[in-house]
Structures are given as structure tokens and as C-alpha cells.
J.: 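This is the structure I want to talk about, given as C-alpha cells.
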Amino acid sequence: MNINIKLFFILFLILSFFCDLVCPLFISNWTISVAVFFAFFCLFLLLIFFHKNFILDIQRIIKNKNNSLNLYLLFVTYILLITFIMGIIGKVLLVKSLLGIIGQYILSVLVYYLVFIYIAYKILKPKLLIKIVYTMLFVILVLGIVDFIAYYFNIVFLQKILLMGMNIQVIRYGAFTKVYSMGLPRVQSVYFEPGFFAEYIFFLLPIIYKLSLSKFNIYKNKNLNIIIKRMMIPLLWINLILTQSPIFLVFALISTLIYFWFGILNLIKTNLKRFIRILFVLLFFGVSLFPFIYNINLNDTYAGRITKVISNLNDINVLIYSEQSFGTRLCNIINLVDIGLRSPLFGVGHSNLIPLMEKQIINNRSPVFVTDEIKKNSLQEIFIFQNPPFTNIFVRYGLIGLILFYAFIIKTILSLIKIRKYTRENTKQFIDGLIGTLFSYIVISCYDITIASLIPCIPIGLSIGLIQYIYENREKEKLNNENILKGI
């Protein structure tokens, strides 16, 4: 492939991590992500200059039983078909629903998948792909620290630099307002909101762990390799703590415990003294923080907010009322599931989700306490609420749509597990990270992540592309070995 065209794909991969860097469309407050623009531009280049090869390559991926893209296409076909049938019988607004599906699942998600797939399959070798992804994760985490320094010490020029990478609030709302908690700025790096940054850290945590703790060199320069790999995990946890998002901190702690569980057990069995020393250091570090938190109101800290949730697990209404940030999301999910259960098999239809949710809140039909944030949003011209993929698909397209979508994710995981044994150690570590990330996606998609967001599309698209790349290389090796045995 021409080197200049290849650069556009690399630029798209880099910009994907800056998904809140946008351009105005001069239509009301509409914007388009710069990365999304490059996604369409890359697809345009493929269709214009390499259309024959591109179409054949995608056909090969779809026909490959070891890959999962065909399941996503089956999911899209199903939701289009069920929406068309509902439109014919007058259950949904047909044109509005079809345009919504095409915009979200084809022009957004499928386009992202296709470009990421092609990057991993044809554009970049695994080694270069790993280097770019790992470097961008490091850059985003470093920018998180810069974010904290810029606002804690009120360094204006650093604040302006950060806003250049995350200008969505300025363009849409005319100004940027930094969120503070406990007197500290909540870190968000170059993302729209601190919670999104925490969400992405948790989501991509398995990749960071696997590559940072691996023995192979990601960079040619050994000193650079040592410095970045040793900095990554501390940077991850510092950023996660400074986002001040308790739910994702808990998710990350659980994920970390699962990741290191067998290593901890093995350390206890083989080197109990070392385990005790590590435990002592951690306890000493915890106790040393006590003077700093002694005068802080615990109700405003991680500990206070997590305690509220745990202590009120026996009463869902009190839980939602006492911790309204978590409660708002929980209230949304419960109400959406309640709506979805009215037509569990096929869903209530694409265009009916928002009107039914609005009626549910305004007419006091909610089965649980409704937070002030949801009440306020329900009175706006456009009702805005958290709508993760699990509830979005279940409510709109029913259990059948839900099963098809998660079958696509699970098939991708199983395919990665199957092909990992055919790879070199560096690629194997990256694949293990991708497997962990896709498991994290299943968890987080039930709570709060946008299906059409660029960040979750990165590991899914790259996974499908890598599966095809490794599968075809494996087939070529087998063919070469057969030819050697035959004396050809």
C-alpha cells in the first residue's frame, strides 16, 4: 500500500484516542469528531483506490468461520428486519427508526469496525500496531497528570493546550467548566467528562497490564522501553484515583484482583516472606495517608460514597437517593428494563424507547425512586439519559437482538483464544489484553458506555482484523510446510 495512504490510517488510529476533538458543522451545535472524519476518509480511500481488494478482503473475513464479523452483520440485518416489520404494522415510525439504525449501527459502528479491521489485517504489522496503541495509552495517561497540574496550580497555557485536544464542550456549549471535588480538580485528560476517562481506563486496563508486565521490548530503545513500561501502571492508578469516580475504581480493583489472583496464591505458597513484605509496604502506605484524610469529610470521598452504596443494598430506593450519581444510572437501567419487559422477545421498537422512558418518568410510573437529574432531563426538549448497550438493545430489539449482539462479542473472544497459540510472545500478550478488554466491555456495557463511541470500537475492530491476519498467516505456513514435505 502507498506509504502516504498508510499514514492516513495511522493518523486515524492515533486520533481515535482523541475522540472528543471535534469540528463544528455550523448546524446548530452539531459537531463531528476529527477521528470520525478520518474514518470516513480512510474508507473512501479504500473504496476508490483499492475497492476490488478491499471488497474481496472483507468477503474473506465474513466467510471465515473463525471470525465474528458475520455475527455483527446478522445482528444489523435482524434489527433492520424487525424494525421494517414493526413499521409496516404501525408500531414504530419507520423512516425515523431506519435512519437511526443506519446512522448508529452502520455509518458509525460498522464504519469504525471496518477501518480498524483493515488496519490490523492489512495496514500495520502486529509489532507496529502494538507500539502505536501502547504509546497512545501512555500519552493519554500523561495528559491526565498534566490535566491535574494545570488546574490544581492554575497554569493557563497548559489548560489551553488540553482544551485543544478536548474542545467539544467549548464548541457545543460556548465554555468549558472544570469539575472539582474535595477541593481537587477531577482529572479527565482529553475526554468530555471525568467519568468517561475513568470508564476508558477500566475498559483498557487489561491491555495496559499485559503489555506493561510482559518481558518483550515494545520499543527498540531499551531505556525508553524500561521507563515507559515502569511508569504505565502507576500512571493508570494515579489517573483513576484523580478522576474521583468510585464505581470505576471498584471495577478496576476487582479486575486487578482477578488478574493477579493466581499470582498472589502462587506467591503465598512459594515465597510467604516476600508476600508479607509487600503486604506490609501496602499497609504502611495506607496508614501514612491517614493524617492527610483525617480532616476530610468521608462522605465526600471514595470511601464515603462506596459505603453509602454498600450500606443501602437492602433498600434500592434509599440507595438511589443517598448516592445520586450511581443512583441515576441505576434508576435508568431499572426503568429501561421495566419498559423492555413489556415486549421482551422482539422489543418495543427503535423509535419508542425515548417516548416511553419520558412517559415513565413524567407520569410517575417508575418502579424505583427517580433522581433529580432524571427529573430535570425529562423536562428538557430532548430527553437525555444514560442508555448502555445492554438496555438499549434489549428495549428496542428484545432478547433476540441482545443474544445476537453479545454472541458477536463472545465469538470474538473465543476466536482470539483459539488463535493466540499461533502467535509470537509479543502478539500473544496483546491478544490476552484484548481478551480481557472485551470481557470488561461485556461488564461495562450493562452499566454505562455508548455503543457508537470510538473507544470501545478500537479493541473490537482490531481483534477481528488480527484474527484474520493470524488465521491467514497460519494457513500459508501450513501450505508451505505441505509443499516442503511434497518436495515442491
Side-chain angles (χ1 to χ4, degrees), residues 1 5-19 21 33-47 50 53-55 57-62 64 66-73 75-76 104-137 140 200 203-204 206-207 211 389 405 408-409 411-413 415-416 419 427 430-431 433-438 440-441 445 449-472:
M1 180 169 285
I5 292 176
K6 184 177 178 180
L7 285 174
F8 281 112
F9 287 89
I10 294 173
L11 188 58
F12 165 65
L13 181 59
I14 291 169
L15 286 170
S16 299
F17 291 89
F18 294 86
C19 55
L21 172 63
S33 166
V34 175
V36 171
F37 171 79
F38 270 89
F40 280 96
F41 186 68
C42 289
L43 194 63
F44 172 78
L45 290 174
L46 286 173
L47 291 172
F50 304 96
N53 290 337
F54 174 67
I55 292 168
D57 289 336
I58 298 302
Q59 284 177 346
R60 275 198 293 273
I61 294 171
I62 293 169
N64 184 357
N66 294 294
N67 222 322
S68 57
L69 184 61
N70 51 2
L71 282 176
Y72 180 77
L73 295 176
F75 162 72
V76 173
Q104 185 172 29
Y105 293 101
I106 298 175
L107 293 180
S108 293
V109 177
L110 185 59
V111 167
Y112 305 157
Y113 284 168
L114 289 176
V115 180
F116 285 125
I117 287 168
Y118 218 71
I119 285 172
Y121 176 34
K122 288 289 183 180
I123 308 295
L124 301 177
K125 297 294 183 184
K127 192 172 182 180
L128 180 57
L129 176 64
I130 293 167
K131 185 185 293 185
I132 293 172
V133 170
Y134 193 71
T135 302
M136 290 316 303
L137 290 172
I140 295 303
Y200 297 150
F203 178 55
L204 298 166
I207 294 175
L211 295 180
F405 180 75
F408 157 64
I409 302 296
K411 177 65 183 296
T412 306
I413 293 171
S415 297
L416 286 170
I419 57 97
T427 309
F430 185 52
I431 287 172
L434 288 170
I435 291 167
T437 294
L438 294 187
S440 296
Y441 177 79
S445 67
I449 199 167
T450 306
I451 194 169
S453 174
L454 265 168
I455 298 293
C457 291
I458 295 172
I460 296 171
L462 294 181
S463 294
I464 297 169
L466 272 175
I467 290 164
Q468 190 66 23
Y469 173 81
I470 293 163
Y471 174 78
E472 288 191 5

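Predicted, not measured: the structure shown is a model, and the values here were computed from it.
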J.: Go through the steps for Ile419 and Asn66 under the test side-chain contact (heavy atoms from CB on, under 4.5 Å), then give the verdict.
T.: CA-CA 9 Å; Ile419 57 97; Asn66 294 294; 5.7 Å; no

J.: So, using side chain to side chain donor-acceptor pair (under 3.5 Å) as the criterion, who are the partners of Tyr134 when residues are at least two apart?
T.: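 Side chain to side chain donor-acceptor pair (under 3.5 Å) check on Tyr134 returns Ser212.
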
J.: Heavy-atom distance under 4.5 Å between the side chains of Val133 and Leu211, does that happen here?
T.: no

J.: Looking at residues at least two apart in the chain, or sitting in another chain, which of them share a ring pair (Phe, Tyr, Trp, His ring centres under 6.0 Å) with Tyr121?
T.: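 Tyr121 satisfies ring pair (Phe, Tyr, Trp, His ring centres under 6.0 Å) with no residue once adjacent residues are dropped.
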
J.: I'd like to check the ring pair (Phe, Tyr, Trp, His ring centres under 6.0 Å) partners of Phe430; sequence neighbours left out, ordered by chain and number.
T.: none

J.: Do Val76 and Val109 have side chains that approach each other closer than 4.5 Å (heavy atoms only, starting at C-beta)?
T.: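 No, every pair of side-chain atoms sits at 4.5 Å or beyond.
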
J.: Please lay out, stage by stage, how Phe75 and Tyr105 fare under the test ring-ring contact (aromatic ring centres under 6.0 Å, His included).
T.: CA-CA 10 Å; Phe75 162 72; Tyr105 293 101; 5.5 Å; yes

J.: Holding to side-chain contact (heavy atoms from CB on, under 4.5 Å), I want the full list of residues that pass it with Ile55, two or more places apart in sequence or in another chain.
T.: Gln59

J.: Taking all heavy atoms of Ala120 and all of Leu466, pick out the closest pair and write down the distance.
T.: CB-N, 3.7 Å

J.: Can you tell me how far the CG atom of Leu124 sits from the CD1 atom of Ile130, to the nearest 0.5 Å?
T.: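 Answer rounded to 0.5 Å: 11.0 Å.
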
J.: What pairs with Thr412 under side chain to side chain donor-acceptor pair (under 3.5 Å), at least two apart in sequence or on another chain?
T.: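 Applying side chain to side chain donor-acceptor pair (under 3.5 Å) to Thr412 gives Ser68.
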
J.: Once side chain to side chain donor-acceptor pair (under 3.5 Å) is applied, do any residues pair with Asp57, and if so which ones, sequence neighbours excluded?
T.: Arg60, Tyr118

J.: Looking at residues at least two apart in the chain, or sitting in another chain, which of them share a side-chain contact (heavy atoms from CB on, under 4.5 Å) with Leu11?
T.: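 Leu11 satisfies side-chain contact (heavy atoms from CB on, under 4.5 Å) with Leu15, Phe38 once adjacent residues are dropped.
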
J.: Considering all heavy atoms of both residues, which atom of Gly436 and which atom of Pro206 are nearest to each other, and what is their separation?
T.: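 Residues Gly436 and Pro206, closest heavy atoms: C-CG, 3.4 Å.
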
J.: In chain order, what residues pass the side chain to side chain donor-acceptor pair (under 3.5 Å) check against Asn70, with sequence neighbours excluded?
T.: none

J.: List the residues meeting ring pair (Phe, Tyr, Trp, His ring centres under 6.0 Å) with Tyr113, not counting sequence neighbours, and say none if there are none.
T.: Tyr72, Phe408

J.: How long is the gap from OG on Ser415 to CG on Leu71, to the nearest 0.5 Å?
T.: 9.0 Å

J.: Apply side-chain contact (heavy atoms from CB on, under 4.5 Å) to residues Val115 and Phe41 and explain how you reach the verdict.
T.: CA-CA 10 Å; Val115 180; Phe41 186 68; over 6 Å; no

J.: Do Tyr200 and Leu137 have side-chain heavy atoms sitting under 4.5 Å apart?
T.: no

J.: Should Phe12 and Leu43 count as side-chain neighbours, where that means a heavy-atom distance under 4.5 Å?
T.: no

J.: Is the shortest side-chain heavy-atom distance between Lys127 and Lys131 below 4.5 Å?
T.: no

J.: How long is the gap from CZ on Phe8 to SG on Cys42, to the nearest 0.5 Å?
T.: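 It is 8.0 Å, given to the nearest 0.5 Å.
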
J.: What distance do Leu204 atom CG and Ile140 atom CD1 have between them, rounded to the nearest 0.5 Å?
T.: 10.0 Å

J.: Is the backbone N or O of Ile464 less than 3.5 Å from a side-chain atom of Asn67, with the two atoms forming a donor-acceptor pair by type?
T.: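 Present.
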
J.: Would you say the side chain of Pro459 lies within less than 4.5 Å of the side chain of Phe203, judging by non-hydrogen atoms?
T.: yes

J.: Taking the side chain as every heavy atom from C-beta outward, state whether Ile123 and Leu13 have any atom pair closer than 4.5 Å.
T.: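 No, too far: nothing below the 4.5 Å cut-off.
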
J.: Restricting to non-hydrogen atoms, name the atom on Tyr112 and the atom on Ala39 that form the minimum distance, rounded to 0.1 Å.
T.: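 That closest heavy-atom pairing would be CD2-CB, 4.4 Å.
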
J.: So, taking the atom named SG in Cys457 and the one named CD1 in Ile117, what distance separates them when rounded to the nearest 0.5 Å?
T.: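 Nearest 0.5 Å value for the SG-CD1 distance: 10.0 Å.
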
J.: Taking only residues two or more places apart in sequence, or in another chain, which ones meet Phe17 in a ring pair (Phe, Tyr, Trp, His ring centres under 6.0 Å)?
T.: none

J.: Show the nearest heavy-atom pair for residues Leu416 and Ile431, with the distance to one decimal.
T.: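 Looking at all heavy atoms of both residues, the closest pair is O-CG2, 3.7 Å.
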
J.: Looking only at heavy atoms, what is the nearest atom pair of Asn64 and Gln468, with distance?
T.: ND2-OE1, 2.8 Å

J.: side-chain contact (heavy atoms from CB on, under 4.5 Å) with Ser445: which residues, sequence neighbours excluded?
T.: Pro389, Tyr406, Tyr441, Ile449

J.: Give, for atom CE of Met136 and atom CD1 of Ile458, the distance between the pair rounded to the nearest 0.5 Å.
T.: 9.0 Å

J.: With side chains defined as the heavy atoms from C-beta onward, is the minimum distance between Thr427 and Leu129 less than 4.5 Å?
T.: no

J.: Quick one, Phe40 with Val111, criterion side-chain contact (heavy atoms from CB on, under 4.5 Å). Give me CA distance, side-chain angles, the key distance, then yes/no.
T.: CA-CA 7 Å; Phe40 280 96; Val111 167; 4.0 Å; yes

